[in-house]
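Some notes on the structure that comes next.
A note on names: the letters A, B, ... follow the listed sequences, proteins ahead of strands, and every chain is numbered from 1.
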There are 2 protein chains.
Amino acid sequence: MTGFIIQNPTLEQCLKAVKMGIGARRLLIMLGELRVDYFGRGSSELDYGERLLIVKGDGSLLIHRPTNVEPVNWQPPGSLYRAYVKRGLLVLEAYRKRPEERVRVTFRRVSLVGVYHLKDGAEFKLYTAEEVMKKAFIKRPDLVEKGLRVVMEEKRLKAGLVDCFCVDSSNRPVVVEFKKDRAGIEAVDQLSRYVDELRRGNPEVRGILVAPSITKEALERVRSLNLEYRRLDVRRCIKVLESMEEPIKPLEYFES
Amino acid sequence: MTGFIIQNPTLEQCLKAVKMGIGARRLLIMLGELRVDYFGRGSSELDYGERLLIVKGDGSLLIHRPTNVEPVNWQPPGSLYRAYVKRGLLVLEAYRKRPEERVRVTFRRVSLVGVYHLKDGAEFKLYTAEEVMKKAFIKRPDLVEKGLRVVMEEKRLKAGLVDCFCVDSSNRPVVVEFKKDRAGIEAVDQLSRYVDELRRGNPEVRGILVAPSITKEALERVRSLNLEYRRLDVRRCIKVLESMEEPIKPLEYFES
DNA sequence: GCCTAGGTCCCGTAC
DNA sequence: GTACGGGGCCTAGGC
């Protein structure tokens with residue numbers, strides 16, 4: 001990791017560092033008192049306060065307040081930058097063409113500016129809960145219903161992408177939709193769209209929503225739309241997969 | 001803004017700074033070579049690489065790679081921390097009770113550690129496109145249909161929160177749902193849920209989806225569900241509001 | 001480019 | 001706490 005940091009930089013030092021850092025596609029970090037104006041898909045304003053600003057090599061911009069995970073303002077990758085000094089203030093503008101939007105950051109004071117070159121080639125592996133459920137279901141469809149057989153692990157319809165297309169023990173087609181969290185109304189509607197499309201060709205088509213739990217309203221809707229709900233939670237699925245000797249790595253790590 | 005920063009700290013300096021910073025609910029910034037293991041709602045692993053780590057005073061954790069707006073790993077506000085040295089490595093763990101999840105960050109090298117106290121009491125003002133549309137519609141319902149009258153700006157149903165409840169020139173009830181962006185299938189289903197509930201009491205109820213555009217599938221669904229779609233884009237609404245002498249602030253700013 | 005769906009979504013708000 | 005919807009959501013994957 002190469003880079004430098006300047007504490008309480010002069011305006012000129014700061015401008016130079018910013019231009020250099022962004023121009024060379026480095027990571028730029030700034031701490032200071034700044035205000036933010038945004039206009040694009042929406043618009044926002046935020047008066048002066050002490051915040052952390054980050055510009056990444058891909059053109060991403062992040063402005064963080066002292067609380068919350070989410071940045072208060074940001075700009076997605078690919079943004080273009082302009083920096084200048086005006087009336088003793090350092091201004092940094094980020095611009096994006098499509099959709100057209102811009103963020104203007106005005107610094108009243110800069111306490112810290114840093115420019116670093118990060119090397120990070122590692123692969124990020126994410127194991128999502130839905131993935132785990134689906135994997136377990138494919139190995140053991142009886143987790144949802146005895147006699148169920150998986151026909152297609154994914155099926156593309158006009159209405160969208162079906163999680164799992166199956167047939168039951170009576171050869172009736174079954175659409176299975178997984179939700180890792182408590183299923184809400186939108187989940188029911190999503191399943192309903194798939195089943196609707198298929199029922200036009202075959203009114204016998206069943207739809208099963210599989211989730212660890214379901215909201216009261218969603219359950220009512222499941223019934224009124226002639227769909228079904230089956231309880232299945234992720235922990236159970238993990239156990240099933242483990243028992244089939246395909247342990248999930250991060251679990252092992254945290255067991256040690 | 002008070003704080004300090006240490007470049008290439010020793011392990012001991014680093015541990016001390018981390019404990020002090022988090023304990024005092026300050027902003028902690030670290031640059032270094034680290035790996036991340038997460039287990040909770042999902043699970044993930046990420047081998048060593050050079051990254052930026054942030055811990056905020058409210059317990060939020062962010063780990064950023066050199067690209068993308070989104071952190072590769074994070075932990076929401078309210079998380080609890082533990083830091084220690086093990087076999088020459090600095091380990092920082094963030095733990096959350098509900099839902100139960102933990103992030104473990106292992107540093108192989110630390111290039112920078114900083115602890116700062118930020119003061120930021122400013123109010124963030126966001127003007128969303130949907131807000132603008134609704135405001136314009138309330139002042140000028142004829143933007144959507146001549147003779148429409150707004151009865152309630154919001155109406156809570158079992159099925160959810162209706163954007164705008166109106167009656168048309170024939171006194172038929174009308175549910176109006178706004179979308180700032182191109183309306184998709186979910187938007188139609190959302191409107192449909194509201195209208196369904198109301199049609200049970202009065203089959204004459206109309207539902208109008210108002211958006212700048214609509215996907216092909218969504219338009220088909222609008223028709224098959226006996227709903228309606230009206231085009232209205234945000235720019236038009238802004239003009240209408242401006243002409244009524246209630247300019248939107250951020251526009252003024254960017255015009256200068 | 002459009003469209004759909006997922007996300008450890010986060011976040012606010014009402015009940 | 002639970003439920004629901006919005007977000008400048010972001011990001012990935014198809015087509």
| request: Hey, which sits more toward the 5' end of DNA chain D by its nearest nucleotide, B:R98 or B:K158? | output: B:R98
| task | With heavy atoms under 4.0 Å as the rule, sort A:A159 into base, sugar-phosphate or nothing. | result | sugar-phosphate
| Which parts of nucleotides 8-15 of chain D does protein reach within less than 4.0 Å, heavy atoms only, written one letter per nucleotide 5' to 3' as B for base, S for sugar-phosphate only and - for none? | BSSS--SS
| request: Please state how far atom CD in A:E130 lies from atom C1' in C:dC9, giving the value in whole angstrom units. | output: 13 Å
| said: Does B:K179 reach a base, just sugar-phosphate, or nothing at all? Heavy atoms under 4.0 Å. | reply: sugar-phosphate
| query | Taking NZ from B:K125 and P from D:dG7, how many angstroms apart are they, rounded to a whole number? | reply | 18 Å
| said: So which atom in A:D58 and which in A:S60 form the shortest heavy-atom distance, rounded to 0.1 Å? | reply: OD1-OG, 2.7 Å
| Between B:L161 (CG) and D:dG6 (P), how many Å, whole number? | 8 Å
| request: Please identify each residue that fulfils side chain to side chain contact (heavy atoms under 4.5 Å, CB included) with A:R236, with sequence neighbours left out. | output: A:L143, A:L232, A:D233
| Counting only heavy atoms not in A:R235, do more than 12 fall under 6.0 Å of its CZ? | no
| message | Tell me which nucleotide, if any, is Watson-Crick or G-U wobble paired with C:dC2 when both distances must be under 3.5 Å. | response | D:dG14
| task | With heavy atoms under 4.0 Å as the rule, sort A:E177 into base, sugar-phosphate or nothing. | result | sugar-phosphate
| task | Return yes if some donor-acceptor pair links the side-chain N/O of B:K180 with the main-chain N/O of B:P212 below 3.5 Å, else return no. | result | no
| query | Whole-Å distance between C:dA5 P and A:F178 CZ? | reply | 16 Å
| Among residues 186-199 of chain A, which residues get a heavy atom nearer than 4.0 Å to DNA chain C? | A:Q190, A:R193, A:Y194
| Is there a donor in the side chain of B:N73 and an acceptor in the side chain of B:S44, or the other way round, less than 3.5 Å apart? | yes
| Can you name the side chain to side chain contact (heavy atoms under 4.5 Å, CB included) partners of A:S192, sequence neighbours left out? | A:D196, A:L225, A:L227
| task | Mind listing the closest non-hydrogen atom pair of B:P76 and A:V69 along with its distance? | result | CA-CG2, 3.5 Å
| task | Write down the distance between CD (A:E154) and P (C:dA5), rounded to a whole number of angstrom. | result | 12 Å
| message | Taking only the P atom of each, what is the distance from D:dT11 to C:dC11 in whole angstrom? | response | 16 Å
| query | Does the ring center of A:Y81 lie less than 6.0 Å from the ring center of A:Y95? | reply | no
| B:L46 CG - C:dT8 C1' separation (whole Å) | 15 Å
| Is NZ or CZ of A:K155 both nearer than 6.0 Å to the six-membered ring centre of A:F165 and within 45° of the ring axis? | yes
| field | Nearest-0.5 Å distance that lies between atom CG in A:D120 and atom CD in B:E50 | value | 8.0 Å
| note | In short, side chain to side chain donor-acceptor pair (under 3.5 Å) pairs touching residues 209-220 of chain A with sequence neighbours left out are A:R182-A:S213
| message | Whole angstroms only, please: what is the CG-P distance between B:L157 and D:dG5? | response | 10 Å
| field | P atoms of D:dG6 and C:dT8, separation to the nearest Å | value | 22 Å
| task | Can you tell me the distance, in whole Å, between the CD atom of B:E131 and the P atom of D:dG6? | result | 13 Å
| query | What interatomic distance, in whole Å, is found between P of D:dG8 and the corresponding atom of C:dA5? | reply | 23 Å
| said: Please give me every residue in residues 211-235 of chain A whose heavy atoms get under 4.0 Å of an atom in DNA chain C, ordered by residue number. | reply: none
| Will you find, in the side chains of A:Y127 and A:E131, an N or O donor that is under 3.5 Å from an N or O acceptor? | no
